[in-house]
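Below is one structure, written out as structure tokens, with a few remarks after it.
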Amino acid sequence: MIKITNTHGKRGTAALAACAIFAVTLATGTSVLAQESLERLREQGFARIAIANEPPFTAVKPDGSVSGAAPDVARAIFKKLGVDDVVASVSEYGAMIPGLQAKRFDVVTAGLFMKPERCRAVAYSEPILCDAEAMAVKKGNPLKLQSYADIAKNPNAKIGAPGGGTEERLALEAGVPRDRVIVVPDGQSGIKMLQDGRIDAYSLPVLSINDLIQKANDSNLEVVAPVQNTPVYCDGAAFRKDETELRDAFDKVLAELKKSGEFAKIIEPYGFSAKAAMETSREKLCMASN
Ligand code: 6CS
């Protein structure tokens with residue numbers, strides 16, 4: 001119950017403003033604060049997204065156009081919100097959240113998996129892309145690597161992983177010493193380092209590793225998937241903590257796309273499961289143990 005008083009008018013003004021915000025939210029289903037953020041993006045003509053260029057999650061084509069499941073979902077949602085397109089910046093995973101907080105991006109749509117420490121730093125949408133973890137190894141898996149613990153146990157084993165990424169963190173948490181966890185800038189470099197024997201395993205999500213192995217077309221490489229003792233992760237679009245209203249507006253359209261089947265039509269050709277994303281929630285993923 002909003003109580004309007006006439007004492008000096010201040011409390012009355014604040015109450016009237018609250019009423020106006022409440023009325024606009026009721027009428028449009030979108031809060032005034034979300035409208036302000038959306039107006040900024042509409043005027044800008046695009047949403048600035050952070051991506052990693054890691055197909056099929058995100059990809060920059062030779063002509064410079066942006067594709068991949070995460071940008072395609074974001075583009076579809078922003079279009080329905082009146083924002084015509086997305087403009088991507090390629091970023092290392094570890095730089096995405098700082099870049100978002102520094103307002104270099106409007107949103108991260110890159111397969112940035114939801115984990116408690118990230119959930120504390122950003123406002124995630126509901127789940128979009130889910131995948132397990134994998135490792136590319138030499139054919140025959142000569143060091144018998146099935147888990148990050150196996151790498152920790154072998155003093156000669158080195159693993160490559162993206163900087164600030166989930167696989168880097170999992171390897172360190174499994175006890176792999178820092179000097180045996182090699183930061184790899186991109187997929188092609190990771191495969192080359194594996195082929196040259198500079199690393200013994202290169203770890204990314206299953207669909208990313210499969211894409212790289214297929215493109216490498218090298219019969220001396222094989223895939224270990226899933227990496228033992230690792231969960232299936234899911235990403236969401238990551239907004240700044242002070243733009244939860246924009247995140248809510250994004251979520252409202254995401255839910256409509258999930259319900260209509262359009263969400264599945266966008267992500268499943270890339271190999272992702274709409275069911276996997278729809279069976280879980282931000283709340284569950286942000287509370288998960290790792
Ligand atoms: O969220 C992450 O940290 C991981 N996500 C993807 C899509 N690839 C690797 C990265 O480490």
Side-chain angles (χ1 to χ4, degrees), residues 49-60 66-74 88-100 105 107-125 127-136 148 151 159-174 176 181-191 193-194 199 201-213 215 223-227 230-239 267 270-273 276-277 280 282 285-286 288-290:
I49 64 172
I51 68 169
N53 193 13
E54 181 189 305
F57 287 86
T58 60
V60 179
V66 174
S67 66
D72 284 3
V73 169
S89 298
V90 177
S91 166
E92 188 181 75
Y93 287 100
M96 288 179 181
I97 291 178
L100 176 72
F105 323 120
V107 58
V108 176
T109 61
L112 193 72
F113 291 146
M114 290 193 220
K115 297 183 289 181
E117 71 277 8
R118 288 175 173 172
C119 293
R120 286 190 289 274
V122 302
Y124 267 112
S125 72
I128 296 175
L129 304 176
C130 301
D131 200 0
E133 296 291 359
M135 292 190 287
Y148 299 116
I151 294 166
I159 181 172
T166 296
E167 300 74 24
E168 177 190 50
R169 183 183 184 88
L170 289 170
L172 293 169
E173 287 175 349
V176 183
V181 182
I182 313 304
V183 172
V184 176
D186 58 71
Q188 291 71 23
S189 304
I191 293 298
M193 290 165 75
L194 179 62
I199 55 178
Y202 177 43
S203 189
L204 286 174
V206 173
L207 288 171
S208 308
I209 284 286
N210 286 344
D211 182 81
L212 286 168
I213 291 290
K215 287 170 182 170
V223 176
V224 173
V227 175
T230 60
V232 169
Y233 287 103
C234 298
D235 86 327
F239 295 84
I267 72 168
Y270 286 105
F272 294 98
S273 160
T280 187
R282 169 177 61 237
L285 293 162
C286 286
S289 57
N290 60 355

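One-based numbering, in listed order, for ligands and for the atoms of each. If you read the sequence from its start, that first residue is 1, and numbering goes on from there.
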**Study point:** Under the side-chain hydrogen bond (donor to acceptor under 3.5 Å, both in side chains) test, residues paired with N210 that sit two or more places apart
**Key:** none

Practice item. Name the closest protein heavy atom to atom 5 (N) of ligand 1, giving the residue it belongs to and the distance to 0.1 Å. Key: G111 O, 2.9 Å

Review point. Starting from atom 2 (C) of ligand 1, which protein heavy atom do you reach first, and at what distance in Å?
Key: T166 OG1, 3.2 Å

Practice item. Decide whether the shortest distance between a heavy atom of R118 and an atom of ligand 1 is less than 4.0 Å. Key: yes

Check your understanding: Where does A161 meet ligand 1, judged by heavy-atom distances below 4.0 Å: at the side chain, the backbone, both, or neither?
Key -> neither

**Study point:** atom 11 (O) of ligand 1 - nearest protein heavy atom and its distance
**Key:** E167 OE1, 2.5 Å

Check your understanding: Would a distance-only check, ignoring hydrogens and angles, find a side-chain to backbone donor-acceptor pair under 3.5 Å from S203 to A134?
Key -> yes

**Study point:** E54 and Y93: side chain donor to acceptor below 3.5 Å
**Key:** yes

Practice item. Mark up the atoms of ligand 1 that fall under 4.0 Å of a heavy atom belonging to F57, in ascending order. Key: 7 (C)

**Study point:** Validation row: R118, T166 side chains within 4.5 angstrom (heavy atoms)
**Key:** yes

Check your understanding: Can you check whether G68's main-chain N or O pairs, donor with acceptor, with Y270's side chain at less than 3.5 Å?
Key -> yes

Check your understanding: Of all the heavy atoms in P205, does at least one lie under 4.0 Å from an atom in ligand 1?
Key -> yes

Check your understanding: For ligand 1, which atoms have a heavy atom of E54 less than 4.0 angstrom away?
Key -> 6 (C), 7 (C), 8 (N), 9 (C)

Exercise for review: Report yes if some heavy atom in the side chain of E173 is under 4.5 Å from a heavy atom in the side chain of Y148; otherwise report no.
Suggested key: no

Point to revise | Any N/O pair L204/ligand 1 closer than 3.5 Å | key: no

Check your understanding: Between Y124 and F113, is there a donor-acceptor pair closer than 3.5 Å when you use the side chain of the first and the backbone of the second?
Key -> yes

Check your understanding: What residue among S208, P231, P226, P205 forms side-chain contact (heavy atoms from CB on, under 4.5 Å) with E133?
Key -> P205

Point to revise | Under 4.0 Å to a heavy atom of L112 - the qualifying atoms of ligand 1, by number | key: 1 (O)

Practice item. Taking only heavy atoms of P162 into account, list the atoms of ligand 1 that are under 4.0 Å away from them. Key: 9 (C), 11 (O)

Practice item. May I ask you to list the atoms of ligand 1 that are less than 4.0 angstrom from any heavy atom of G165? Key: 3 (O), 11 (O)

